[in-house]
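Below is one structure, written out as structure tokens; comments come after it.
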Amino acid sequence: METLERKFTLQVPSSTENLALIREFVSSAATQAGFDEKEVAKLELAVDEACANVIEHAYGHDANKEVIVRARLDNEEFSIDIEDTGKGFDPAEINQEELEQLISKRKTGGLGMRLMKTLMDEVRYEIEPGKKNALHMSKRLKKSD
Amino acid sequence: METLERKFTLQVPSSTENLALIREFVSSAATQAGFDEKEVAKLELAVDEACANVIEHAYGHDANKEVIVRARLDNEEFSIDIEDTGKGFDPAEINQEELEQLISKRKTGGLGMRLMKTLMDEVRYEIEPGKKNALHMSKRLKKSD
Amino acid sequence: MPNPFLVATDSEDDFAVIRLDGAVDAHTAPQFEEAVQKVIDDGQNNIVVDCEKLTYISSAGLGVFMGFVEEVREVGGDIKICGLSEKVKQPFEILGFETLFHFCPDVESAKEKFSEQTDWEAAY
Amino acid sequence: MPNPFLVATDSEDDFAVIRLDGAVDAHTAPQFEEAVQKVIDDGQNNIVVDCEKLTYISSAGLGVFMGFVEEVREVGGDIKICGLSEKVKQPFEILGFETLFHFCPDVESAKEKFSEQTDWEAAY
Ligand SMILES: Nc1ncnc2c1ncn2[C@@H]1O[C@H](COP(=O)(O)OP(=O)(O)O)[C@@H](O)[C@H]1O
Ligand SMILES: Nc1ncnc2c1ncn2[C@@H]1O[C@H](COP(=O)(O)OP(=O)(O)O)[C@@H](O)[C@H]1O
């Protein structure tokens with residue numbers, strides 16, 4: 001079987017205005033990877049959540065900063081790398097509360113990382129404070145059964 | 001007046017499959033620049049034509065190559081840079097035939113560069129054979145009257 | 001742009017119906033939030049969110065449901081969600097919204113659902 | 001993907017109607033070309049291309065009209081173009097297609113247009 005490798009990169013100003021384009025970008029790449037419509041929707045959502053976090057938390061809506069999304073596909077998996085040079089954070093310290101708690105505290109956020117972890121097979125942060133914060137996510141093309 | 005500068009970059013495998021994404025990319029950036037729907041459609045078309053030429057003529061449909069589109073917008077203009085490292089060509093030597101001639105010769109091509117020139121305010125090639133072939137196109141945001 | 005977002009609010013009988021059209025993401029969620037806030041400020045606590053034309057929702061949009069539902073339930077109201085397509089329903093399901101919100105096929109059935117008594121407190 | 005492309009061909013009376021749905025670019029133009037080729041191979045030279053659902057066309061799509069029209073005109077047929085929106089019409093106008101092709105509002109008026117004699121030879 002021919003080994004296929006395809007790379008896609010998108011770099012846009014760090015503004016929520018660009019989330020729609022980011023989703024189109026993921027949708028195109030994931031469709032070419034062979035995912036069906038429902039799976040493509042999941043990948044779009046995971047990347048949207050990750051980029052929204054960069055735009056809001058890493059760069060505080062400063063549109064002079066840039067969000068870079070790299071997608072890579074081969075015969076086995078689809079992977080996404082998103083890097084930011086923002087303030088960084090410790091993913092292990094993020095206390096993921098249950099929906100019930102969030103509702104009773106009238107919180108409007110706190111679901112993004114849980115979504116990402118559920119939607120993808122792999123979600124891995126590499127944080128080097130002050131240097132760069134890298135997020136790697138991947139999803140296998142054909143689940144081994 | 002605040003000087004605004006925004007940069008967008010898209011890098012995709014050199015395949016016509018990606019022209020739809022390239023148009024979405026241009027549409028997003030151009031809409032943010034403030035162009036109306038008809039102008040956005042023109043910019044999409046010009047960039048599609050330029051990228052189709054790279055995919056077909058520069059890289060002969062080799063999807064292992066990559067097409068890079070850079071868009072830049074400021075208060076005055078929207079510009080696009082597309083570079084390829086393909087075989088190159090001499091734009092001055094391209095004989096632009098009239099539609100009547102093309103029809104009577106039953107040609108199916110030869111309109112792309114004419115479209116680009118009509119649609120954009122500026123179309124400039126810089127060809128360095130064997131190194132890189134760069135295409136720069138731009139369109140002013142508000143026509144001076 | 002592929003997905004212009006629209007939100008429209010109607011008063012129907014004793015209900016406020018908020019219709020979402022397009023994609024709710026971190027960019028457009030503030031418009032949705034504003035619409036819900038306005039309905040509540042106007043004293044209406046029986047809210048139906050019609051998602052028939054919703055093409056996409058991210059956690060920023062889900063957060064709007066989370067942030068307001070306690071407030072309306074405290075005064076005997078609710079936020080019912082209707083018209084979700086299979087694709088758009090995914091994030092709601094993943095996060096367990098179906099145990100904490102009523103999902104209805106359409107606006108009419110959502111309105112009827114308000115006559116049922118639900119002890120949401122028991123759920124959380 | 002945002003723009004799945006579809007092409008459908010119908011035989012209606014003495015005409016072949018080719019309906020384009022979506023975007024015709026360098027990726028999808030070969031499907032359009034194939035549809036026209038098939039119609040001609042089947043001996044039909046009165047061709048209406050219905051662009052009502054066409055959302056976009058680039059020079060690769062315009063090239064299909066250019067490449068076949070002489071062939072059908074030589075045997076007394078024609079390719080008429082109908083249903084173009086203002087936005088999609090732009091590239092046709094820029095390149096001067098309106099002096100060399102008939103544009104009609106809809107399929108019916110395009111069919112009627114075939115009864116008119118046009119000396120296309122005089123145009124080029
Ligand atoms: N790229 C990032 N840079 C800095 N902080 C981040 C980043 N991503 C996530 N965080 C932190 O993790 C928290 C939880 O994120 P998430 O689960 O997506 O919920 P939300 O974004 O709604 O708060 C955020 O509130 C933020 O403090
Ligand atoms: N990036 C490029 N690399 C090599 N050759 C090119 C490139 N762009 C255009 N050309 C040449 O210019 C010619 C005219 O291009 P164009 O007007 O777009 O018509 P078409 O692509 O339909 O032939 C092409 O046929 C090709 O020979």
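Because only heavy atoms are used, hydrogens play no part in the values below, and waters and symmetry mates are left out as well, while side chains stay in.
- For A/Arg72, the CZ atom is densely surrounded, since the number of other residues' heavy atoms within 6.0 Å is greater than 12.
- Heavy-atom minimum distance, A/Leu99 versus C/Leu95: CD2-O, 3.3 Å.
- Of all heavy-atom pairs between A/Thr16 and C/Ala26, the closest is CG2-CB, 3.9 Å.
- Considering CD of A/Glu17 and OG1 of C/Thr28, their distance stands at 12.0 Å, rounded to 0.5 Å.
- No more than 12 heavy-atom neighbours from other residues, nucleotides or ligands sit within 6.0 angstrom of CD on A/Glu76.
- Other residues, nucleotides and ligands place no more than 12 heavy atoms under 6.0 Å from the CD atom of C/Glu52.
- Heavy-atom neighbours of A/Glu37 CD from other residues, nucleotides or ligands within 6.0 Å: at or below the threshold of 12.
- Taking CG of A/Leu102 as the reference point, atom CD of C/Glu70 lies at 11.5 Å (rounded to 0.5 Å).
- If you take CE on C/Met66 and CD on A/Glu100, they are separated by 11.0 Å, rounding to the nearest 0.5 Å.
- Atom CG of residue A/Leu115 and atom OG of residue C/Ser59 lie 6.0 Å apart, to the nearest 0.5 angstrom.
- Atom CD of A/Gln96 is surrounded by more than 12 heavy atoms from other residues, nucleotides or ligands within 6.0 Å.
- Comparing C/Gly63, C/Pro91, C/Gly96 by heavy-atom pairs within less than 4.5 Å of chain A, the highest count is held by C/Gly63.
- With A/Ile103 as the fixed residue, the side-chain contact (heavy atoms from CB on, under 4.5 Å) test singles out one of C/Phe68, C/Phe97, C/Phe101: C/Phe101.
- Between A/Arg106 and C/Glu74 there is a salt bridge, since a side-chain N of the basic residue sits under 4.0 Å from a carboxylate O of the acidic one.
- Annotation: the span from A/Lys38 atom NZ to C/Gln90 atom CD amounts to 5.0 Å, rounded to 0.5 Å.
- For the residue pair A/Leu45 and C/Ile57, the shortest heavy atom distance occurs at CD1-O, 3.7 Å.
- A/Arg23 CZ to C/Asp25 CG: the interatomic distance, rounded to the nearest 0.5 Å, is 4.5 Å.
- When heavy atoms are compared at a cutoff of 4.5 Å, A/Ile55 does not approach chain C at all.
- When A/Asn18, A/Thr118, A/Leu19 are compared by the number of non-hydrogen pairs under 4.5 Å with chain C, A/Leu19 comes out ahead.
- In this structure, chain C has a heavy atom under 4.5 Å from the side chain of A/Glu56, while its backbone stays farther away.
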